[in-house]
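The next block holds one structure in the form of structure tokens; read it before the comments.
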Amino acid sequence: MKNLNRLFFRKRNLAILLAAALAAGTMTGCGTSKTDSGSGVESPDSGMTDNAVNSIENTANSTENAANDADSMTNSTENAGGAAPSTDAAAASEDFDSSAETADAAPAYEKEAERSTGIYNEAKCESAADCYDYYDNYYDYEVPNTEEYNAVDESGFTAASVSPLSTFSADVDTASYSNLRRMIEDGYCLEEIPDGAVRIEELLNYFQYDYVRPKKGEPFGVTTQIADCPWNPNSKIAMIGLKTMDIDFSEAPASNLVFLLDVSGSMYSNDKLPLLQKSFSMLTENLTKKDTVSVVVYAGEDRVVLEGVNGAEQEEILDAINSLEASGSTAGSDGIITAYRIAEKYFIKGGNNRVILATDGDLNVGLTTEAELEELISREKESGVYLSVLGFGTGNIKDNKMETLADKGNGNYAYIDSLTEAKKVLVEEMGATLITVAEDVKFQVEFNPAVVAGYRLIGYENRQLAEQDFADDAKDAGEVGAGHTVTVLYEIVTTDTPTTYAGTSLKYGEKKKLPDEEWFTVNIRYKKPGTDKSLLQSYPVDRADYAGTPGDDMQFAMAVAEFGLVVTNSTYKGDADMRSVIDRLKAIDTKSDEYKDEFCYLVRRLEQNGEKSMR
């Protein structure tokens with residue numbers, strides 16, 4: 001697990017704080033507080049200078065004369081007021097969270113002290129040195145990683161002659177990509193990436209592609225292309241790209257937004273509540289007077305912090321967000337119910353009515369299982385209010401629950417690992433995140449068995465639908481927002497290619513002349529927002545869509561898919577490996593797109609992580 005550096009500094013800081021309390025006389029050996037009005041020394045709860053921290057740490061390392069050391073430390077603390085932060089303390093704070101600003105470091109020490117009273121009492125140490133030794137042992141282990149992901153049951157090849165229809169729901173979630181980025185940057189190698197954490201469709205859909213724009217009166221345009229498969233010489237890749245029209249959020253319908261924020265104790269760390277506050281502050285700064293904002297928080301219980309405030313009252317909204325603190329258990333289901341009631345109260349007919357849930361997904365009070373949450377959200381979404389989910393944090397995130405909430409709440413799911421990602425999701429792609437232009441979007445691809453012997457959908461495993469679900473308007477599917485792109489890749493084997501796939505029933509015969517006719521037809525059903533009847537659009541694909549040299553969009557999409565096959569150790573990865581992905585990316589111009597350029601870096605970084613783990 002890659003949280004060892006953070007654990008080291010947390011361990012050290014706890015020891016320093018406890019040692020300070022003992023040395024200053026504000027805590028007895030058993031951890032109980034006592035008052036010393038004449039000492040002039042501030043307790044950890046009220047703040048402590050970094051020079052004093054350094055003195056305490058030096059003292060804690062000495063076991064020869066703990067009493068004298070404590071006296072010396074008390075004097076040092078009294079004389080340290082106004083001193084500049086030490087280099088060592090700043091480094092500790094920086095390593096604990098590289099994205100944290102220096103100004104955030106001091107409160108973190110104080111909060112840690114408050115949260116750890118129970119451990120202080122357990123220590124029962126009689127000197128500063130004993131305290132340091134206790135915490136050195138207490139944290140000298142890897143904290144269990146309790147992150148949860150749903151298993152991905154990879155799709156295999158299907159014979160077109162037996163089952164020519166492939167049916168699935170659209171998906172515009174991107175959480176898997178940014179969560180994987182977090183792991184790579186934390187030093188994970190391939191073997192350490194959790195099963196189920198990588199969903200290839202979310203890797204593909206994280207990026208923007210130059211697809212055909214929608215025609216007038218249509219919600220999306222569709223691009224199709226076929227090319228040779230990079231990792232399997234006996235197959236081809238068929239790409240389907242869907243693109244909705246961009247929208248200027250200032251010209252969008254009025255929004256009724258409820259920020260549902262998790263402020264439970266598990267949200268304490270810098271990559272959770274503090275990052276959440278900065279993220280929602282950026283969103284708030286882009287709202288206008290036509291918008292309405294409410295803030296609901298939940299921990300041990302839910303609480304309405306702000307209700308029905310005009311979007312132009314940004315100072316009031318920002319004050320409410322930035323005043324929040326983390327503590328307590330996680331009664332998420334109660335918060336969800338309250339947030340929906342507030343959203344319904346301020347419902348804007350024809351507007352964007354949405355609850356935005358920000359959490360690590362670690363719900364432990366009330367309705368907590370996926371099945372219970374799915375039932376709750378399926379019921380609440382009938383109000384016409386959408387639910388978007390933003391995931392935060394590491395170590396205990398419940399990706400499975402957050403994905404379920406967003407899917408069943410007619411919303412989208414993103415994971416925020418940095419301010420850069422927050423800006424992408426909540427500012428740059430604000431329309432895609434908040435404005436739905438097509439509901440219950442379903443794909444049904446019909447393959448021509450005369451041309452296509454077998455096919456395999458890459459990704460979308462948890463979006464599969466039964467054939468009859470396609471025309472069933474009561475069957476729920478994914479929503480697509482303004483400016484979204486949806487990318488679908490199939491690996492297909494044509495009837496002129498003799499191939500045997502281990503583990504499947506597909507075995508293709510002798511080479512035949514390829515008929516010059518349609519290969520497959522892409523059928524897409526969708527509903528206009530607020531309506532109950534779906535509309536159908538169909539797009540035939542034939543040999544003219546085959547490209548001997550595919551364009552950059554398809555080359556990049558295939559590189560992302562190949563990367564996903566390697567990371568998930570797919571049964572169907574063929575010749576795919578990290579080096580071939582890197583070589584393919586070198587031939588593509590990614591410099592004009594910072595996110596695609598970052599992907600190139602992440603591929604190289606993951607390869608380097610693997611090399612380091614073998615040393």
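- A salt bridge is absent between K408 and D476: the closest approach of a Lys/Arg side-chain nitrogen to an acidic carboxylate oxygen does not fall below 4.0 angstrom.
- A side-chain donor-acceptor contact under 3.5 Å links Y386 and E439.
- We find the CG-OG distance between L405 and S378 to be 10.0 Å, quoted to the nearest 0.5 Å.
- Side-chain contact check for I336 versus L387: every heavy-atom pair is 4.5 Å or farther apart.
- Using a cut-off of 4.0 Å between Lys/Arg side-chain N and Asp/Glu carboxylate O, R182 and E147 are scored as salt-bridged.
- We find the CD-CG distance between E202 and D173 to be 5.0 Å, quoted to the nearest 0.5 Å.
- Between S264 and A299, the shortest heavy-atom distance links the atoms CA-CB, 3.9 Å.
- In this structure, Y340 and S383 have side chains that are in contact, with non-hydrogen atoms separated by less than 4.5 Å.
- For S176 and Y413, the side-chain atoms include no donor-acceptor pair closer than 3.5 Å.
- Side-chain polar atoms of N400 and E148 form a donor-acceptor pair below 3.5 angstrom.
- Between M183 and E192 the shortest side-chain heavy-atom distance does not fall below 4.5 Å.
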Run the numbers on D417 and S178 for side-chain hydrogen bond (donor to acceptor under 3.5 Å, both in side chains), then give the verdict. CA-CA 7 Å; D417 62 333; S178 47; 4.9 Å; no
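- Side-chain atoms of D440 come within 3.5 Å of backbone N or O of A477 as a donor-acceptor pair.
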side-chain contact (heavy atoms from CB on, under 4.5 Å) between V293 and N256: does it pass, once the steps are laid out? CA-CA 6 Å; V293 176; N256 163 35; over 6 Å; no
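- Screening D153, D171, D399 for a salt bridge (charged side-chain N to carboxylate O under 4.0 Å, His left out) with R199, the sole residue that qualifies is D399.
- Cation-pi geometry between K424 and Y595 is met: under 6.0 angstrom from the ring centre, within 45 degrees of the axis.
- No donor-acceptor distance shorter than 3.5 angstrom exists from the side chain of T404 to the backbone of E374, with no hydrogens or angles considered.
- Counting all heavy atoms, side chain and backbone alike, R354 lies closest to N410 at NH1-O, 4.5 Å.
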Apply side-chain contact (heavy atoms from CB on, under 4.5 Å) to the pair F392 and S279, showing each step before the final yes or no. CA-CA 11 Å; F392 288 83; S279 301; 3.9 Å; yes
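- At least one donor-acceptor pair under 3.5 Å links the side chain of K398 to the backbone N or O of T146.
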Check against side-chain contact (heavy atoms from CB on, under 4.5 Å), L276 and M267: CA-CA 9 Å; L276 179 159; M267 292 292 289; 3.8 Å; yes
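- Heavy atoms only, all atoms of each residue included: G351 and P253 are closest at CA-CB, 4.1 Å.
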Please lay out, stage by stage, how D532 and K527 fare under the test side-chain contact (heavy atoms from CB on, under 4.5 Å). CA-CA 7 Å; D532 296 324; K527 296 174 186 173; 5.6 Å; no
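- The structure places CG of L260 at 11.0 Å from CD1 of I337, a figure rounded to the nearest 0.5 Å.
- I416 approaches L275 most closely through the heavy-atom pair O-CD2, 3.7 Å.
- The CG atom of L434 sits 9.5 Å away from atom CG of D291, with the distance rounded to the nearest 0.5 Å.
- Contact of the Y149 side chain with the D195 side chain is not registered, since no non-hydrogen atoms from C-beta on lie closer than 4.5 Å.
- Between the side chain of N205 and the main chain of E201, a donor-acceptor pair closer than 3.5 Å is present.
- Donor-acceptor pairing under 3.5 Å is recorded for the side chains of T338 and D302.
- Here NZ of K528 is found 15.5 Å from OG1 of T436. Values are rounded to the nearest 0.5 Å.
- Contact between G335 and Y298 at its shortest, heavy atoms only, is CA-CB, 4.2 Å.
- Aromatic ring pairs are classed by plane angle as parallel below 30°, tilted from 30° to 60° and perpendicular above 60°; the pair F168 and Y460 is tilted.
- Open room surrounds NZ on K475; 12 or fewer heavy atoms of other groups in view lie less than 6.0 Å from it.
- Side-chain contact between T359 and L261: absent, with no pair of heavy atoms (C-beta onward) separated by less than 4.5 Å.
- Side-chain polar atoms of D473 and S534 form a donor-acceptor pair below 3.5 angstrom.
- In this structure the side chain of F207 reaches within 4.5 angstrom of the side chain of Y177, judged on heavy atoms.
- With 3.5 Å as the limit, one finds a donor-acceptor pair spanning the side chains of K272 and N396.
- Other residues, nucleotides and ligands contribute at most 12 non-hydrogen atoms within 6.0 Å of the NZ atom of K423.
- From M282, atom CE reaches atom CG of L318 across 12.0 Å, with rounding to the nearest 0.5 Å.
- When all heavy atoms of A326 and L273 are compared, the closest pair comes out as N-CD2, 3.6 Å.
- Two residues are said to be in side-chain contact when any heavy atoms from C-beta on lie closer than 4.5 Å; E380 and E344 meet this criterion.
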Do any side-chain atoms of residues 303-312 form donor-acceptor pairs under 3.5 angstrom with protein atoms, and if so which ones, sequence neighbours left out?
{"unit_1": "E307", "atom_1": "OE2", "unit_2": "K345", "atom_2": "NZ", "d": "2.6"}
{"unit_1": "E307", "atom_1": "OE2", "unit_2": "Y346", "atom_2": "OH", "d": "3.0"}
{"unit_1": "N310", "atom_1": "OD1", "unit_2": "A312", "atom_2": "N", "d": "2.8"}
{"unit_1": "N310", "atom_1": "ND2", "unit_2": "K289", "atom_2": "O", "d": "2.8"}

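- Using a 4.5 Å cut-off on side-chain heavy atoms (C-beta onward), F259 and L283 make contact.
- Of the possible donor and acceptor atoms, one in the side chain of T244 sits under 3.5 Å from a partner among the backbone N and O of G481.
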